[in-house]
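Everything below concerns the one structure shown next.
All ligand and atom numbering here is 1-based and tracks the order in the structure. One-based numbering along the sequence shown.
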Amino acid sequence: MNRRSLLRLLVAMGLGVQGLGQVRASDWGGKKTVPERVIVIGAGLAGLAAARELQDQAYEVVVLEGRDRIGGRLWTSTKWADIPLDMGASWIHGMDGNPLTELAEAAKAKLIETSYDSNQIYDVDGRELSDEKEKRLDRLRDQFQRAIEVAQDAEKDTSLRQVMDRFQSRVGADEEVTQMLNFIASSNLEQEYAGSVEKMSAQWFDSAEEFDGDDGLFANGYQQIVKFLARDLTIKTSQIVQRVDWEQDQVRVNTGTEEYIADRVIVTLPLGVLKAGRVAFSPPLPKTISQAIDGLDMGVLNKCYLRFPKVFWPDDVDWLECITAKHGEWVEWVSFARALNVPVLLGFNAADRGREIEAWSDQEIVGSAMATLRHLFGPNIPEPTSYQLTRWASDPFALGAYSYNPVGANPKLRRQLAKPVAGKLYFAGEATDQEYFGTAHGAYLSGLRAVEEITSD
Ligand SMILES: Cc1cc2nc3c(=O)[nH]c(=O)nc-3n(C[C@H](O)[C@H](O)[C@H](O)COP(=O)(O)OP(=O)(O)OC[C@H]3O[C@@H](n4cnc5c(N)ncnc54)[C@H](O)[C@@H]3O)c2cc1C
């Protein structure tokens, strides 16, 4: 067992950290005397999962949501009436044993399997990557992976960029290797974890667990899950929580226009919102929690959907990937031609590049995406008939896409963030889930964990 595996085991065993085992709803023991009143702040997946479970156990629950819609980072746009599209999460990552697979079944939501292996990679010159170069790319990926593993066993944490730089100077990287490495960094690291390689912890960036199996794409959008969980819950939208007062016996939650009072509160505010101090806690949150908020970070992933009159790209693969001259520029595309039989491409921008383009106009973003597509498929491809895009870092109710581990962070911080306070405040949301942070299933499981904490308190 290497040093990192040992650390992970110790953390999992709760040794040297404030322990809190990952408990599923099915493990619940004795119930409390109900009804107690619980306020859930946030109607994203974590909040809805928690509210649903509490209400099913006869608690009185009110969900307070700042936006005028529910779902949070699950958000299915119906702008194109014939093609519902997810602006936040789209997939169940790893369908085998994933609690969301069962939930999707209960909600009668159709899932379509997609695979990262169903891909076409393009070279910097816009042509399909040759077999020989693809082998070189795979070799480089393996070598770089080994360099990361070495860094994970080191005493001191470093950024993934530092590992890359060391690796580059060791292999004497020429322009081609540098471009390939940038591609690997962008597609395998930044697009997946949403943090930039400059900041992500080499030791802990990949500390989350994964479910096995292919990814499941919601044919009619993730909103089916949202609606299913939200049925007959009391949800008050456009209630922007400003202050949580937990000094007295009962907790008071102030939204500027209303005050809500309850025995306990589940806070599912995104890490970005907590970091920005958008909600005041009185008394302030304990130091362990504020340290965790400061120590973790929120990444960026933005989507740009382009709808065309016809498909002009390979229609038999799910992913189109580009080795680009500039780091992170339109590296990853999803084609919906095979999965949904529609002429729609989805381009991603992650991390620093994802943040940078949020300042651009819609026309600039679409223009830049089209320049990449013309580079790949020629000057005569049609203009998009419509587009839809996101700016998650500027969204005041998210302030980022999902959390990641920057240099200096480790899994202990997520346990700290999730630790209940004084039997009154409970914390859920993807960032609080040590095992599956950054994902929809992590958010869902964190909501169930917070309920378990309340019911067993
Ligand atoms: C572009 C993108 C792609 C993604 N892709 C995937 C994917 O394919 N698969 C996957 O598993 N995961 C994916 N994720 C991650 C996944 O969407 C999130 O981890 C998950 O939805 C988070 O749920 P949550 O309940 O923790 O937070 P949220 O959904 O953000 O819920 C928090 C709620 O709190 C509300 N709120 C904020 N401030 C206030 C306030 N002051 N007062 C009241 N309410 C407030 C928000 O409006 C929101 O509704 C993706 C995320 C993004 C952004």
Side-chain angles (χ1 to χ4, degrees), residues 39-51 63-76 85-95 98-101 114 191-194 208 210-211 215-218 222 225-226 229-230 235-244 253-256 258 260 265-274 276-280 298-305 334 346 348-350 354 389-393 395-404 417 427-433 436-447 450:
I39 291 170
V40 176
I41 302 177
L45 188 50
L48 293 174
V63 184
L64 302 179
E65 169 55 50
R67 301 177 198 265
D68 59 5
R69 62 165 180 84
I70 62 171
R73 282 170 277 167
L74 300 186
W75 171 27
T76 307
L85 288 174
D86 278 310
M87 311 306 281
S90 294
W91 285 270
I92 295 180
H93 285 307
M95 286 195 287
N98 192 315
L100 295 187
T101 309
T114 66
Q191 306 270 335
E192 185 164 350
Y193 299 98
E210 287 175 4
F211 286 103
D215 293 334
L217 178 75
F218 283 84
Y222 242 116
I225 294 282
V226 172
L229 287 173
I235 302 174
K236 299 196 182 285
T237 51
S238 303
Q239 291 295 306
I240 304 174
V241 172
Q242 295 181 352
R243 188 182 167 86
V244 178
V253 178
N254 203 296
T255 65
E258 309 280 339
Y260 298 84
V265 171
I266 300 181
V267 179
T268 75
L269 295 166
L271 178 67
V273 173
L274 289 170
R278 292 280 167 103
V279 178
M298 195 70 167
V300 180
L301 181 67
N302 275 314
K303 293 184 165 182
C304 173
Y305 286 100
V334 175
L346 161 59
F348 292 96
N349 282 285
L389 42 84
T390 64
R391 289 184 177 84
W392 282 105
D395 180 328
F397 296 109
L399 295 174
Y402 42 91
S403 65
Y404 71 93
L417 185 61
F427 293 85
E430 57 83 12
T432 68
D433 196 87
Y436 301 110
F437 62 87
T439 65
H441 47 275
Y444 178 75
L445 289 168
S446 75

**Item:** Geometric class of the Tyr222/Phe218 ring pair [parallel <30°, tilted 30-60°, perpendicular >60°]
**Value:** tilted
Nearest heavy-atom contact between Ala43 and Ile235 is CB-CG2, 4.2 Å
Report all protein residues having a heavy-atom distance below 4.0 Å to some atom of ligand 1; order the list by chain, then number.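 Within 4.0 Å of ligand 1, the protein residues are Gly42, Ala43, Gly44, Leu45, Ala46, Leu64, Glu65, Gly66, Arg67, Gly71, Gly72, Arg73, Leu74, Met87, Gly88, Ala89, Ser90, Trp91, His93, Gln239, Ile240, Val241, Thr268, Leu269, Pro270, Val273, Val279, Leu301, Trp392, Phe397, Ala401, Tyr402, Gly429, Glu430, Gly438, Thr439, Ala440, Ala443.
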According to salt bridge (charged side-chain N to carboxylate O under 4.0 Å, His left out), who are the partners of Arg243, at least two apart in sequence or on a separate chain?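 Applying salt bridge (charged side-chain N to carboxylate O under 4.0 Å, His left out) to Arg243 gives Asp245.
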Subject >> Aromatic contact, Phe211 with Tyr436 (centres under 6.0 Å) >> reply: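 Distance test on ring centres: under 6.0 Å, yes.
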query: Hey, does Pro99 have a side-chain heavy atom less than 4.5 Å from the side chain of Leu445?
result: yes
Discussion item. Looking only at side-chain N and O atoms, does Thr255 offer a donor or acceptor that is under 3.5 Å from a partner on Lys236?
Written reply: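 The answer is no; no qualifying pair exists.
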